[in-house]
Amino acid sequence: MELLRIRLEKLLKEAVKTIEPDFEDWGRLVLQPATDEKFGDYQTNFAMTASKIFRQPPKIIAESIITAIPANDILEKAEVAGPGFINFFLKNSFVAETVRKTFSEKWDFSHINTEGTVVIDYSSPNIAKPMHVGHLRTTIIGDSIKRIMKFIGYNVIADNHLGDWGTQFGKLIVAYNRWLDKENFEKDPISELERLYIKFGDEAEKDPDLDELARAELKKVQDGDEANLALWKKFVEITLSECKKIYEYLGIKFDTYYGESFYHKLMPKVIDELVEKGLAVESEGALVVFFDEKENLHPCIVRKKDGAFLYATSDLATIKFKYENYKMNKALYVTDDRQAVHFKQIFNIAERAGWKMEFVHIPFGVLSFNGEILKTRAGNTIKLADLFKEAESKGESVVEEKNPELPEDEKKKIAKAVGIGALKYSDLSQNRTSNIDFSWEKALSFDGNTAPYLQYSYARVQSIKRKAAEKGITLDFNSEIKIESDIERSIAASIAKFPECVEKAAELYKPNFIADHIFDLVQKFGTFYNSTPILKAEPEQMQSRILLAEAVAQTVRTGLDLLGIETPEKM
RNA sequence: GCGCCCAUGGCUCAGCUGGAUAGAGCAACGGACUUCUAAUCCGUAGGUCAGAGGUUCGAAUCCUCUUGGGCGUACCA
């Protein structure tokens with residue numbers, strides 16, 4: 001089904017062509033959702049921006065556009081307003097029919113170029129360090145963006161670019177060889193690795209030579225030293241299996257796990273190519289790429305003086321690999337804001353190397369706790385296991401209170417969906433660029449603009465449907481939805497415009513647009529629900545109202561699904 | 001020093017890349033459960049959008065400067 005905006009744009013274009021046949025600057029013709037319902041459904045400021053070109057006052061242009069709009073069955077009226085806006089009011093019948101069609105038809109996003117592959121790099125934990133809350137943002141935001149891109153119709157590959165080849169291995173090997181607690185390692189390998197990592201940091205502060213040793217050990221890994229390679233492999237296996245448990249728990253799936261080690265063998269060739277193309281030159285013993293002065297970027301080291309590769313090298317290798325193995329549309333990177341400069345450098349180098357594709361760094365704000373940035377070394381992290389447990393138990397206590405008669409396993413499932421939903425939503429519902437100071441209270445809030453609130457509305461609709469079924473009423477998806485009140489009109493319009501908000505979310509990589517939209521929809525539904533009887537209405541009215549409620553529920557479910565949040569049938 | 005991000009009611013945040021009277025949620029206050037789940041709903045109160053200039057029909061949004069915060073700045077990722 002065509003988006004409403006696209007439908008309307010076509011009409012508008014026809015109208016403009018009629019009054020100004022030579023006009024071609026269609027980029028100017030922007031249709032926006034109305035800022036207030038009293039201004040209708042959509043508005044355009046075209047008449048104002050075109051005023052200079054057409055050499056006429058905005059209001060005159062607006063008037064002639066309105067009269068030139070071809071006959072159609074979607075528009076109730078169009079009005080000139082304020083300094084020259086044109087406000088468009090859609091017919092109730094058209095909006096209602098659009099809502100009804102959402103039950104059987106998919107939205108058509110063919111006006112967006114989705115050709116080729118989109119690779120999205122997110123989560124990407126550092127192997128051998130335990131994941132903590134700090135890793136949650138990239139994971140949750142990345143997963144949501146992946147879902148959104150897929151919904152639009154992109155062919156998406158979710159890539160977990162594991163940090164499995166970096167400095168931490170050198171440090172860990174040094175620590176492992178010196179301070180390993182064998183018993184603990186066998187019992188709980190992850191926590192022993194964490195202990196060793198922290199221990200190394202503490203020791204290195206007293207003895208800076210240790211860092212040098214660590215670098216040497218890392219180099220040995222990268223050069224294929226057997227003993228070190230075996231240790232490396234062990235560390236990777238241990239942490240990766242732990243990470244995968246977390247992903248499974250969160251309902252997050254990756255298509256590829258091409259970590260840095262995967263690209264290692266490609267790196268020398270990347271370096272060769274950069275040197276060949278005159279991009280990388282030697283400086284102070286290292287191999288470095290310099291940038292044009294106007295870029296305002298500091299030089300980027302692609303090979304250390306000891307011959308080892310780094311983060312930049314592996315990212316460049318990744319890009320070259322993508323360029324050669326996929327028909328790339330976009331390469332997306334979801335990492336925190338502090339890496340912005342790194343990606344500017346990498347993208348600039350890749351472009352100069354001729355690895356053509358669209359690069360987007362999708363940054364998010366840094367997560368802190370009590371004002372301090374979370375660091376494994378500082379020991380101020382919140383363990384994911386604790387966070388998840390807390391989320392579930394809070395969910396459990398509410399379910400227990402509201403629905404004690406449900407079977408235990410269902411209560412458990414609901415508790416998890418609600419608790420984890422609240423957690424994910426607290427992050428996804430705000431603009432990703434803001435820095436967040438983690439708060440238990442906020443992360444696990446169930447009231448107001450939260451996932452449980454949205455899930456609750458969904459569950460209420462399911463409950464109505466169950467009650468209807470008990471009464472022997474069957475849902476007829478072909479029957480008409482009749483808009484009988486302002487609130488119903490408002491709800492229907494919100495549902496019909498939902499895909500446009502997904503489109504916007506995809507364009508700007510901002511899941512919070514979706515959260516905003518469904519929250520607004522659900523608030524309206526709350527008003528409707530509390531003021532309008534459904535099951536006690538006359539048969540025809542009842543059918544129409546149930547369908548509208550069902551459309552709300554389906555939109556909420558779709559929206560929450562795009563955020564990676566589940567919708568239980570009861571709660 | 002240079003660069004990036006940020007500043008919106010008491011608190012936490014939206015604000016769809018310049019639109020009409022700046023919106024929510026918490027918290028506060030007053031109302032609504034013999035009625036489809038009160039994890040809800042209705043209402044009241046609360047703002048010089050950090051400050052000053054500029055751009056224009058029109059600025060929280062764009063430009064410049066100032067103040068105050070966060071971050072990054074060649075061998076970490």
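Atom set for the values below is all heavy atoms of this structure, side chains included, hydrogens, waters and symmetry mates excluded. Sequence lines set the chain letters: A, B, ... in the order given, protein chains first and strands last, and positions in each chain run from 1.
- Within a 6.0 Å radius of CD in A:E569, other residues, nucleotides and ligands contribute more than 12 heavy atoms.
- Annotation for A:D486: atom CG does not count as buried by contact number, only 12 or fewer foreign heavy atoms lying within 6.0 Å.
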Table of protein N/O atoms under 3.5 Å from nucleotides 75-77 of chain B N/O atoms:
unit_1: B:C75; atom_1: O2; unit_2: A:K305; atom_2: N; d: 2.9
unit_1: B:C75; atom_1: N4; unit_2: A:E284; atom_2: O; d: 2.7
unit_1: B:C76; atom_1: OP1; unit_2: A:R215; atom_2: NH1; d: 3.2
unit_1: B:C76; atom_1: OP2; unit_2: A:K304; atom_2: NZ; d: 2.8
unit_1: B:C76; atom_1: O3'; unit_2: A:T167; atom_2: OG1; d: 2.8
unit_1: B:C76; atom_1: O2'; unit_2: A:T167; atom_2: OG1; d: 2.8
unit_1: B:A77; atom_1: OP2; unit_2: A:Y311; atom_2: N; d: 3.1
unit_1: B:A77; atom_1: O3'; unit_2: A:E260; atom_2: OE2; d: 3.0

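- As a whole-Å value, the separation of A:E295 CD from B:G72 C1' is 17 Å.
- For A:S429 and B:A14, the shortest distance from a side-chain N or O to OP1 or OP2 is not below 4.0 Å.
- Backbone-only contact: A:N431 has heavy atoms under 4.0 Å from sugar-phosphate atoms and none from a base.
- Residue-level contact check: A:N45 touches the bases, meaning some heavy atom is under 4.0 Å from a base atom.
- Atom pair A:K524:NZ and B:G23:P shows a separation of 14 Å (rounding to whole Å applied).
- Within the nucleic acid shown, A:K536 comes within 4.0 Å of sugar-phosphate atoms alone, with no base atom in reach, counting heavy atoms only.
- Phosphate contact (OP1/OP2 of B:A24, side-chain N/O of A:Q430, threshold under 4.0 Å): absent.
- Consecutive Watson-Crick or G-U pairing (both distances under 3.5 Å) extending over three or more pairs maps onto RNA chain B as B:1-5 with B:69-73, B:10-13 with B:23-26, B:28-32 with B:40-44, B:50-54 with B:62-66.
- In terms of phosphate contacts, A:T49 brings no side-chain nitrogen or oxygen within less than 4.0 Å of OP1 or OP2 of B:G18.
- Note: A:W440 and A:F438 have perpendicular aromatic rings, judged against thresholds of 30 and 60 degrees for the angle between ring planes.
- Taking the O4'-C1'-N9-C4 or O4'-C1'-N1-C2 dihedral as appropriate, B:C33 has a value within 90° of 0 and is therefore syn.
- Both A:I86 and A:V288 lie near RNA chain B, and the one whose nearest nucleotide falls closer to the 5' end is A:I86.
- Ring geometry for A:H264 versus A:W165: interplanar angle of 30 to 60°, hence tilted.
- Partner A:K411 forms a salt bridge (charged side-chain N to carboxylate O under 4.0 Å, His left out) with one of A:E400, A:E396, A:E401 and no other, that one being A:E400.
- Using a 3.5 Å distance cut-off with no hydrogens or angles, the side chains of A:N449 and A:Y425 do pair a donor with an acceptor.
- One N or O on the side chain of A:R432 and one on the backbone of A:Y509 form a donor-acceptor pair closer than 3.5 Å.
- For the pair A:N403 CG and B:A38 C1', the interatomic distance rounds to 14 Å; values are reported in whole Å.
- Look at the P atom in both B:U21 and B:C49: the space between them is 14 Å, to the nearest Å.
- The side chain to side chain contact (heavy atoms under 4.5 Å, CB included) test with A:L406 is passed by exactly one of A:M571, A:K413, A:K570, A:K412: A:K570.
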List the steps, then state whether salt bridge (charged side-chain N to carboxylate O under 4.0 Å, His left out) holds for A:K220 with A:E217.
CA-CA 5 Å; A:K220 273 165 75 183; A:E217 293 294 353; 3.6 Å; yes
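- As rounded to whole Å, 13 Å separates atom C1' of B:C13 from atom CG of A:D427.
- The CZ atom of A:R460 sits 11 Å away from the C1' atom of B:C33 (whole-angstrom rounding).
- Residue contacts for A:N87: at a heavy-atom cut-off of 4.0 Å it reaches a base atom on one of the strands shown.
- Separating the C1' atom of B:G3 from that of B:U40 is a span of 49 Å, rounded to the nearest Å.
- Rounded to a whole angstrom, the distance from the C1' atom of B:C6 to that of B:U12 is 15 Å.
- Nucleic acid contact for A:F513: sugar-phosphate only, since backbone atoms but no base atoms lie under 4.0 Å from a heavy atom of the residue.
- For B:G69 and B:G51, the C1' atoms lie 15 Å apart once the distance is rounded to whole Å.
- With centres under 5.5 Å and a plane angle under 30°, the ring of A:F85 is stacked against the base of B:A20.
- Nucleic acid contact for A:A81: base, since at least one base atom lies under 4.0 Å from a heavy atom of the residue.
- The residue A:T527 sits close only to the backbone: its heavy atoms come under 4.0 Å of sugar-phosphate atoms, none of a base.
- Both A:S445 and A:L535 lie close to RNA chain B; mapped to their nearest nucleotides by heavy-atom distance, the more 5′-ward contact belongs to A:S445.
- Only the P atoms considered, B:G70 is 15 Å distant from B:U8, to the nearest whole Å.
- Atom pair A:Y42:OH and B:A20:P shows a separation of 18 Å (rounding to whole Å applied).
- Of the listed residues (A:K465, A:R460, A:R466), just one forms a side-chain hydrogen bond (donor to acceptor under 3.5 Å, both in side chains) with A:Q462, and that residue is A:K465.
- Contact annotation for A:T532: base contact, defined as any heavy-atom pair under 4.0 Å involving a base atom.
- Here A:F519 does not count as stacked on B:A24, because the ring centres are not under 5.5 angstrom apart with planes under 30°.
- Contacts of A:A515 with the nucleic acid, taken as non-hydrogen atoms under 4.0 Å apart, are absent.
- Close placement of the A:Y311 and A:H342 rings is indicated, their centers lying within 6.0 Å of each other.
- Taking atom CD of residue A:Q345 and atom C1' of nucleotide B:C2, one finds them 14 Å apart after rounding to whole Å.
- The base of B:U21 sits within donor-acceptor range of the side chain of A:K38, with an N or O pair under 3.5 Å.
- Residues A:K304 and A:D306 are not paired through a salt bridge, judged by the lack of any N-O separation under 4.0 Å between the basic side chain and the carboxylate.
- Taking atom P on both B:C41 and B:C26, the two are 8 Å apart, rounded to the nearest angstrom.
- Nucleotides B:G18 and B:G9, compared at atom P, are 23 Å apart to the nearest Å.
- Nucleic acid contact for A:L297: none, since no nucleic acid atom lies under 4.0 Å from a heavy atom of the residue.
- Residue A:W440 contributes atom CH2, which lies 18 Å from atom C1' of B:U12 at whole-angstrom precision.
- Between A:F169 and A:F235, the angle of the ring planes stays under 30°, which puts this pair in the parallel group of the 30/60° scheme.
- The separation of B:A27 from B:C36, taken at their C1' atoms, amounts to 31 Å, rounded to a whole angstrom.
- Listed pair A:Y453 / B:C41 meets the phosphate criterion, a side-chain N or O lying under 4.0 Å from OP1 or OP2.
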